[in-house]
Amino acid sequence: MLTPRENYLAVINHEAADYVPNIATDAAMVGGALETFENGPLGGGYDDFGLKWLCTASANGQAVPDPECHPVPDILEWKKYLKFPDLDKYDWEGMASAQLNGVDRSQKVVIYGTWNSIFLRFSHMLGFEDALCAMYEEPEACYDMMSAITDYKCRLVDYIYKYFKPDIITNYDDVCTERGPFMSPETYRKLIKPMHKRFNDAVKSYGILPSQHCCGKCEELIPDFIDEGAVCWEAAQPTNDIEKILDTYGDRFVVVGGYDTNGTPGQENATDDIIKAEVKRMMDAYASKGSFIPMGFLLSSDPDPMAFVKNMLRIAGYVEELKNNYNYKK
């Protein structure tokens, strides 16, 4: 019998597994919201790039960039304005000790999430609309700025490896809406894909598995995620044709997600009956295909990361009831 950690990694590596992994119980997720140098203090404020974050009702209490704060006001002058956090000044030992406290690495996969990755940090610094316009009007300057952000992110990987030694690093870079990418696929491939590949190469150089996070409808970019070296995609939403993706790429790529976070099942007031029905739909549709790890969350008006975790655990409880019903043997 495989341990939860061994079972999770077996699915990621397309090997025989005993059951469907349950990310909320089989993995320890660190980094993410606790990267205050990237996200600002909990509840809002300035991050170490000089960007101000606001907690708003429209974002269900989660912090979003202040639309009036543009630390880089001119893409052609980005070198003048773009400042990076001093990664040496943080108490990495203390952060790792606190976040990994009580984690049994023999039983759990450790997943480090690095938020606000290349495109997101780029768009945050210029302002979203101006960033998209700049990608069309000044692609060379955008490429250079994104390359500098990628350099910083690769330095961040050095610290993550040294102090956290995770099994997986998830690159959070949302480039899509619920209807499709923010930019043309060609623009993505010209400006963003090379950066994601370089970041993933840095992750793999330490023997860590790279994972790509992208909300929204990004099914046309899945071949690019694979080319970039990502072993899986998280958090897949059913606005995508997940069954087709698994049928087409499941022999070399793992889908993490499947829960309808944008629909009624993802609302903060979703009842247990609604959640249970959605978990059953998700598992029946995707789990039998293998190369799938269920993941879901509810929208939350509470900025406390533990509120998000508690909501994930509500979903995970029903996943736990069903996880042995699907054949993951190879």
Side-chain angles (χ1 to χ4, degrees), residues 5 8-9 12 23 27-42 45-51 53 63 65 71-72 78-79 82-106 108-125 144-174 192 194-214 228-232 234 305 308-309:
R5 178 180 187 276
Y8 195 103
L9 292 175
I12 291 289
I23 191 170
M29 288 179 280
V30 296
L34 300 177
E35 285 186 332
T36 55
F37 52 91
E38 281 278 0
N39 309 291
L42 297 177
Y46 285 92
D47 64 23
D48 285 6
F49 289 83
L51 178 69
W53 294 80
V72 178
W78 70 266
K79 291 182 181 179
L82 182 59
K83 308 299 180 186
F84 293 100
D86 178 3
L87 295 174
D88 284 329
K89 76 176 187 179
Y90 304 114
D91 179 15
W92 286 95
E93 287 188 6
M95 290 191 294
S97 177
Q99 294 179 45
L100 293 169
N101 182 38
V103 174
D104 184 348
R105 286 180 177 266
S106 71
K108 289 197 173 189
V109 171
V110 175
I111 304 174
Y112 190 104
T114 175
W115 287 11
N116 303 316
S117 198
I118 290 98
F119 168 74
L120 287 179
R121 177 54 63 184
F122 168 81
S123 63
H124 294 340
M125 301 304 281
D144 291 343
M145 181 173 163
M146 289 187 194
S147 186
I149 295 170
T150 305
D151 290 342
Y152 156 76
K153 282 290 185 178
C154 289
R155 290 196 302 273
L156 179 61
V157 170
D158 297 337
Y159 289 85
I160 295 170
Y161 168 75
K162 181 176 181 179
Y163 294 99
F164 284 85
K165 292 186 169 54
D167 300 289
I168 297 170
I169 291 179
T170 301
N171 180 41
Y172 281 72
D173 218 8
D174 292 311
I192 302 173
M195 311 306 167
H196 283 178
K197 185 179 187 308
R198 188 150 64 87
F199 176 83
N200 289 343
D201 285 346
V203 171
K204 289 189 291 184
S205 73
Y206 285 116
I208 303 170
L209 297 168
S211 169
Q212 181 64 48
H213 172 100
C214 185
E228 292 161 11
V231 299
C232 59
E234 163 241 292
F308 177 83
V309 172

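Residue numbers start at 1 and run along the sequence shown.
- Within the 3.5 Å criterion, the main-chain N or O of Ala202 finds a donor-acceptor partner in the side chain of Ser205.
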- request: Give the C-alpha distance, both sets of side-chain angles, the deciding distance and a yes or no for side chain to side chain contact (heavy atoms under 4.5 Å, CB included) between Arg198 and Ser147.
  value: CA-CA 9 Å; Arg198 188 150 64 87; Ser147 186; 3.0 Å; yes
> Please walk me through it: do Leu209 and Leu9 pass side chain to side chain contact (heavy atoms under 4.5 Å, CB included)?
Replying inline: CA-CA 10 Å; Leu209 297 168; Leu9 292 175; 4.1 Å; yes
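- Note on ring orientation: taking the six-membered ring where Trp is involved, the planes of Trp92 and Phe164 are perpendicular (angle over 60°, cut-offs 30° and 60°).
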Item to complete: Start with the C-alpha gap between Asp173 and Lys153, add the side-chain angles, then the distance that decides, and say whether side chain to side chain contact (heavy atoms under 4.5 Å, CB included) holds.
Response: CA-CA 12 Å; Asp173 218 8; Lys153 282 290 185 178; over 6 Å; no
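- Judged by distance alone, with hydrogens and angles left aside, the side-chain atoms of Ser123 form a donor-acceptor pair with the main-chain N or O of Phe119 at under 3.5 Å.
- With sequence neighbours left out, Ala148 forms a side chain to side chain contact (heavy atoms under 4.5 Å, CB included) with Trp78, Phe84.
- The shortest non-hydrogen separation linking Ala27 to Ile111 is CB-CD1, 3.8 Å.
- In this structure, Lys197 is not positioned above the aromatic face of Phe199 in the sense of NZ or CZ being under 6.0 Å from the six-membered ring centre and within 45° of the axis.
- The shortest non-hydrogen separation linking Ile208 to Tyr161 is CD1-CD1, 4.0 Å.
- Minimum interatomic distance between Arg5 and Lys108 (heavy atoms only, all atoms of both residues): CD-O, 3.5 Å.
- At distances below 3.5 Å, not a single donor-acceptor pair connects side-chain atoms of Asn200 with backbone N or O atoms of Pro210.
- Of all non-hydrogen atoms in Ser211 and Glu234, the two that sit nearest each other are OG-CB, 4.4 Å.
- Side chains of Glu35 and Tyr90: a donor-acceptor N/O pair is absent below 3.5 angstrom, by distance only.
- The structure places CG of Leu51 at 16.0 Å from NZ of Lys83, a figure rounded to the nearest 0.5 Å.
- Taking the six-membered ring where the residue is Trp, the centroids of Phe49 and Tyr152 are separated by under 6.0 Å.
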